[in-house]
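The next block holds one structure in the form of structure tokens; read it before the comments.
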Protein chains: 2
Amino acid sequence: MRSITVELGERSYPIHIGSGLLQGIGERCQEAGFPLRSPLLVVSDSEVAPHFLATVESSLQAQGYTVVSHIIPAGEASKSLAVYEEVITTAIQAGLDRSSAVLALGGGVVGDLAGFVAASYMRGIGFLQIPTTILAHDSSVGGKVAVNHPLAKNMIGAFYQPSMVLYDLDTLRTLPPRQISSGLAEVVKHGLILDRDFAYWCRDHAAELLELNVEALGYALERGCAIKAAVIGNDEREHGQRAILNLGHTIGHAIEAVGGYGVFLHGEAIAIGMAGSALLAAKLGKDKSIYEDTVSMLSALALPVRLPAQYGEDELMAAMMHDKKFKEGKMTFIVPDAIGSVSIVNDVQQSSVREVIAQLKKEESPW
Amino acid sequence: MRSITVELGERSYPIHIGSGLLQGIGERCQEAGFPLRSPLLVVSDSEVAPHFLATVESSLQAQGYTVVSHIIPAGEASKSLAVYEEVITTAIQAGLDRSSAVLALGGGVVGDLAGFVAASYMRGIGFLQIPTTILAHDSSVGGKVAVNHPLAKNMIGAFYQPSMVLYDLDTLRTLPPRQISSGLAEVVKHGLILDRDFAYWCRDHAAELLELNVEALGYALERGCAIKAAVIGNDEREHGQRAILNLGHTIGHAIEAVGGYGVFLHGEAIAIGMAGSALLAAKLGKDKSIYEDTVSMLSALALPVRLPAQYGEDELMAAMMHDKKFKEGKMTFIVPDAIGSVSIVNDVQQSSVREVIAQLKKEESPW
Ligand SMILES: NC(=O)c1ccc[n+]([C@@H]2O[C@H](COP(=O)([O-])OP(=O)(O)OC[C@H]3O[C@@H](n4cnc5c(N)ncnc54)[C@H](O)[C@@H]3O)[C@@H](O)[C@H]2O)c1
Ligand SMILES: NC(=O)c1ccc[n+]([C@@H]2O[C@H](COP(=O)([O-])OP(=O)(O)OC[C@H]3O[C@@H](n4cnc5c(N)ncnc54)[C@H](O)[C@@H]3O)[C@@H](O)[C@H]2O)c1
Ligand SMILES: [Zn+2]
Ligand SMILES: [Zn+2]
């Protein structure tokens with residue numbers, strides 16, 4: 001088992017990564033300080049619960065906990081205030097008190113929703129993350145929890161740190177292959193922004209990662225979590241430096257918005273976005289090898305790097321402007337300086353972004 | 001103008017108390033650091049807005065702010081997730097961003113609701129309290145914000161400190177007399193728990209307080225806020241000592257629950273509860289003068305100290321057990337040791353509480 005600590009002063013917490021961890025969740029809850037007399041609430045979704053909920057419940061009960069579970073429909077639509085209220089109702093009916101905890105068993109949707117329940121139930125109770133997707137290595141570090149509003153994603157939420165993250169690699173075996181690649185996009189993103197060697201390592205070990213080799217995947221998730229933890233440790237509430245985590249996300253979010261959520265998975269969309277950021281770097285005079293290498297890494301992980309022809313330039317530009325607001329025709333982008341290093345560039349011209357979009361649609365090499 | 005600071009490290013904030021402050025709210029918002037380019041949202045209620053909203057809006061606009069207002073129906077029923085969602089929708093439609101702020105113009109209902117909006121909109125934006133009730137001197141200090149769930153009051157919320165509290169005593173002139181007395185119950189409570197001289201001062205200046213004499217009321221609210229600030233400064237997230245603020249509240253909440261909310265106002269119910277706590281003190285061997293003096297203070301402020309005959313002992317006991325959970329027939333109460341000093345007593349017998357309730361119903365002296 002690998003363990004790292006997210007350093008946030010009195011809100012610091014450990015991330016444990018390894019095989020067979022679900023069976024020990026009861027003991028971990030004791031370790032986290034959750035008292036036996038207070039009921040625990042496990043939140044999971046309709047895809048994840050059939051595989052893993054029984055194991056989690058048994059381990060907690062064997063330790064002496066009272067457990068109640070709430071299963072939400074799988075998918076982004078469950079990150080709503082309506083489902084949030086249903087989970088809160090379950091918590092009240094089960095008698096959760098101020099010493100209780102919420103356990104999030106699932107991907108980023110379950111983590112974000114259950115985290116906001118934990119943050120706001122009785123003004124904040126215990127919270128433990130049990131991520132079951134690769135993408136959730138990202139969402140389970142950093143303390144951002146949220147639900148969506150019909151008018152905008154992640155609009156309602158909090159910064160709320162878990163007491164512990166328990167990452168059982170065995171749970172990833174039931175993930176569909178596209179979800180695996182999608183999650184690995186955020187892993188390699190962490191290399192691209194801060195760790196050159198790790199980024200190349202991901203490319204060179206892509207086959208093992210896609211096969212969920214425990215050794216390779218354990219290392220990759222440890223590095224991914226550690227890099228994210230280092231960034232947020234310096235900027236817990238996203239005032240500045242934390243923005244580098246958004247590499248590829250401005251274009252990626254526009255692709256998700258224009259295509260409709262779910263056409264490209266989140267990691268797929270930001271893979272195209274990261275290819276776009278590397279093109280933007282070339283436009284700003286950086287080495288073209290940044291683009292070539294970024295594409296080789298993403299392709300090795302079975303991720304897309306080109307934009308289908310039907311994505312309209314105007315629509316994508318409109319979506320980006322909605323997302324971020326251009327200031328006098330200029331826009332902020334995270335741009336690579338080299339593999340493993342990025343800058344926050346505040347004065348990117350709209351025209352450059354348009355050119356990047358056009359290049360992303362070319363079948364052949366962009367230059 | 002009187003000013004005090006709530007000391008909470010990097011979350012410290014000032015409370016300004018005085019006459020004619022609403023007119024200066026625009027400048028205060030600049031002082032609080034809210035940038036002119038980000039829209040501000042004023043939340044108020046249907047009773048308060050007709051009197052004061054225009055003044056607030058003009059002052060903000062004169063300073064150069066873009067302002068949008070959301071008026072909720074007056075009353076506790078507006079502290080709901082449904083109204084919360086409506087306010088969030090207004091915020092999104094008005095384009096509030098991460099540098100925006102929510103201004104709560106009203107009593108505790110507006111403060112609690114708007115505070116939870118501020119705490120959770122985009123994971124937390126600026127927040128400024130403009131209390132317009134006396135009771136809100138209590139709710140605007142301490143950072144507890146919340147909405148109710150149909151199954152339980154204040155179930156969903158956060159600890160979220162405002163950037164500033166601006167207490168304009170002129171706004172209190174439109175308060176109905178019962179609301180004035182009800183608010184003063186919490187003021188004298190702060191004296192009863194921690195400041196003997198202030199408690200007697202409230203009795204001796206009751207007439208001026210009830211007339212809203214600016215000098216007397218300014219002093220009383222300053223002391224009340226300062227005492228509450230001192231308690232919560234030592235225990236921001238309510239782990240221990242903060243419980244002394246609940247003097248009179250266990251019985252008070254039971255009275256509100258059994259009578260139906262709104263029969264007794266909150267301050268009236270806790271006045272009866274504080275009389276009950278003093279009776280309990282006598283039962284535990286403390287001086288009977290604590291009760292006599294408590295009653296004289298509350299009566300001077302036109303507050304009730306007796307329980308109407310129709311309140312059933314069994315129903316009140318059931319409501320208390322629902323609220324707090326007896327542990328093996330014992331219960332925690334805040335009990336005065338003297339005027340200006342209280343203890344947290346963990347092993348109060350059910351039978352003693354029953355006797356206190358019976359005594360509270362007697363027309364003549366309880367002994
Ligand atoms: N809080 C943050 O910092 C942060 C960061 C990134 C993303 N997010 C959020 O995370 C969400 C996306 O996360 P996600 O990709 O994990 O989505 P998800 O939770 O929806 O999971 C993707 C799909 O895989 C299924 N699934 C999950 N685990 C499985 C398993 N072990 N086996 C089989 N199927 C499984 C789920 O039921 C779902 O259908 C978005 O809502 C996004 O906003 C949050
Ligand atoms: N957050 C906390 O720490 C805390 C502490 C105590 C109470 N509270 C909450 O505060 C609420 C009670 O506060 P409240 O008594 O101020 O209630 P309130 O906000 O409902 O105000 C009482 C009534 O007076 C009206 N009103 C307010 N200001 C007025 C004015 N200046 N002129 C005329 N009418 C006016 C309101 O419209 C309302 O009808 C409860 O929801 C309670 O849970 C919170
Ligand atoms: Zn992402
Ligand atoms: Zn109260």
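Every value quoted in this text rests on a predicted model; they were computed, and no experiment measured them. Convention: sequence-line order gives letters A, B, ...; per-chain numbering from 1.
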Sequence neighbours excluded, the answer for salt bridge (charged side-chain N to carboxylate O under 4.0 Å, His left out) partners of Lys228(A) is Asp138(A)
Rounding to 0.5 Å, atoms OG1 (Thr89(B)) and NE2 (His149(A)) come to a distance of 3.0 Å
Rounding to 0.5 Å, atoms CE (Met155(B)) and CD1 (Ile92(A)) come to a distance of 4.5 Å
One should read off an interatomic distance between Met122(A) CE and Ile156(B) CD1, to the nearest 0.5 angstrom, of 11.0 Å
Sorted by chain and residue number, the salt bridge (charged side-chain N to carboxylate O under 4.0 Å, His left out) partners of Asp45(A) (sequence neighbours excluded) come out as none
Within the side chain of Arg123(A), is there an N or O that forms a donor-acceptor pair under 3.5 Å with the backbone of Val145(B)?
yes
